[in-house]
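Computed over heavy atoms, backbone and side chain alike; hydrogens, waters and symmetry mates excluded. Because the structure is predicted, anything quoted here is derived from the model rather than measured. Residue numbering restarts at 1 for every chain, and letters A, B, ... go by the order of the sequence lines.
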Amino acid sequence: MADSKKRDKRTRIPGPSSLASPMGTAMLESTAVLLRELVSHLRENRTQLREEWARRITESQLLVAMTQEEIFKEATAVYDNYVAVLETGSVEALEAYARDLSERIIPRGVETREVLGIVLLLRDVLARSLFKKYQADFGLLNRVLDAYEPAANRIANTVGVGFVQERERIIRQQQEAIRELSTPVLQVRERLLILPIIGVIDPQRARQVTEQLLRGIRANRAKVVVIDITGVPSVDSTVANHLVQTVDASRLMGATVIVTGLSSEIAQTLVTIGVDLTKMKTIGDLQGGIEEAERLLGYRVTMMMQAPEQTAAK
Amino acid sequence: MRVPILKQGGYLIASIQSALSDYELLQLRDDLSAQVGRFRSRGVIVDVTVLDVMDSFAVRTLRAIAQIGHMRGAETVIVGIQPEVAFAMVQLGLALGDVETALDLEEGLALLDLRTKRGESHVTES
């Protein structure tokens, strides 16, 4: 609403004009005509505008992760796509290009700020050139901008959204990968399982880990389980509660659980926030945990150092 | 249906065959209590392998069986709690307290051997 009013006002400023008749098919046609004119203008000045844009990008310290040549190459591609969108009005090709571009530049650490920055810069560079070209005829300039601005904004939007979507896709993919990092339940000795947990424990994962462990206990007829949480970055009361539940559930199935790998920071945090783990058997590191487990199971590990000599003596 | 209670040496084995009503649970408790006295048993095993649900009443009764047995001189071991049941129990906060548990009947017997033959020297569980 406000937009159309503004447009009306703008088109009225130049005074008598065939375009003053608002919002008709004539208007749409004239927009198309103007866009065509615009496109040919951008085609003609391709080299110069492109260079101007690349220079402004470097000046603004954008895309610092990329070399001059790369910037220029991408700038050319974006420029051509830009013109193509203005000409055809279809953003599909640009969308595909933006996705492809994002895929290439995200791993190199290019940020959203930079991508939006360069697209907006191009918008400014082109607008400036339009100002320069039509400065004599203010009315015409207004009409050209009316045609140009929505299209330019749509392009900026498309590229920005494309970039953000690509990022989100990568983030989702990584989350999935983290979630699927299976938590293996491994048997190290008859009746002794170890369960190394790496990464963040959330309620969903805690549930999955517990279920896997319980199944493992039944399948391997385990008596002792060593849960190693060296790879868990932080333990709060929620995580501690999950651990306690896992330990209790294992105990119901007749298995003793030893928790290892509580770092001193984590231990201090747990004491500070008042989590009671006294019911849990905890041992400093995985080695100690396995040794304790072996003791519980009645294993005695001895060195075989002298064995070859003894056999030789016999 | 009454839960069959088998006498195996110095131990009693209560092998639950199907889901139990509250009344049947209490009956099991009373039967075990009586038989521990009659056979002078040193240990009791309650096999719950077939139970796929364990409500608070069942848990309380099992705890009662263990405590009664203890007072009459028999150690009680609950065996065969299924993974799903164990998980549900901890989620619902149904604790068996100090009652011993074991994976299955074989484990339960081994545990009882350990507890009763070696006297009070508890090796596992601090």
Determine, stepwise, if the pair E75(B) / L111(B) fulfils side chain to side chain contact (heavy atoms under 4.5 Å, CB included). CA-CA 10 Å; E75(B) 291 286 334; L111(B) 187 68; over 6 Å; no
Relative to chain A, which of G80(B), A86(B), P83(B) shows the most heavy atom pairs under 4.5 Å? P83(B)
Walk me through it: do V235(A) and I229(A) pass the test side chain to side chain contact (heavy atoms under 4.5 Å, CB included)? CA-CA 9 Å; V235(A) 175; I229(A) 58 166; 4.2 Å; yes
Should R108(A) and E70(A) be marked as a side chain to side chain contact (heavy atoms under 4.5 Å, CB included) after you check the CA-CA gap, both sets of side-chain angles, and the distance that decides it? CA-CA 12 Å; R108(A) 306 184 51 176; E70(A) 279 174 320; 2.7 Å; yes
D100(A) side chain to A96(A) backbone, donor-acceptor under 3.5 Å: no
Pair count under 4.5 Å, heavy atoms only, with chain B: among R215(A), E211(A), R191(A), highest is R191(A)
Which atoms of L213(A) approach chain B - backbone, side chain, both or neither, heavy atom under 4.5 Å: neither
Give, as side chain, backbone, both or neither, the part of V99(B) having an atom under 4.5 angstrom from any heavy atom of chain A. backbone
Please flag which part of Q82(B) lies under 4.5 Å from any non-hydrogen atom of chain A: side chain, backbone, both or neither. both
Would you confirm whether K281(A), through its side chain, and I283(A), through its main-chain N or O, come within 3.5 Å as a donor-acceptor pair? no
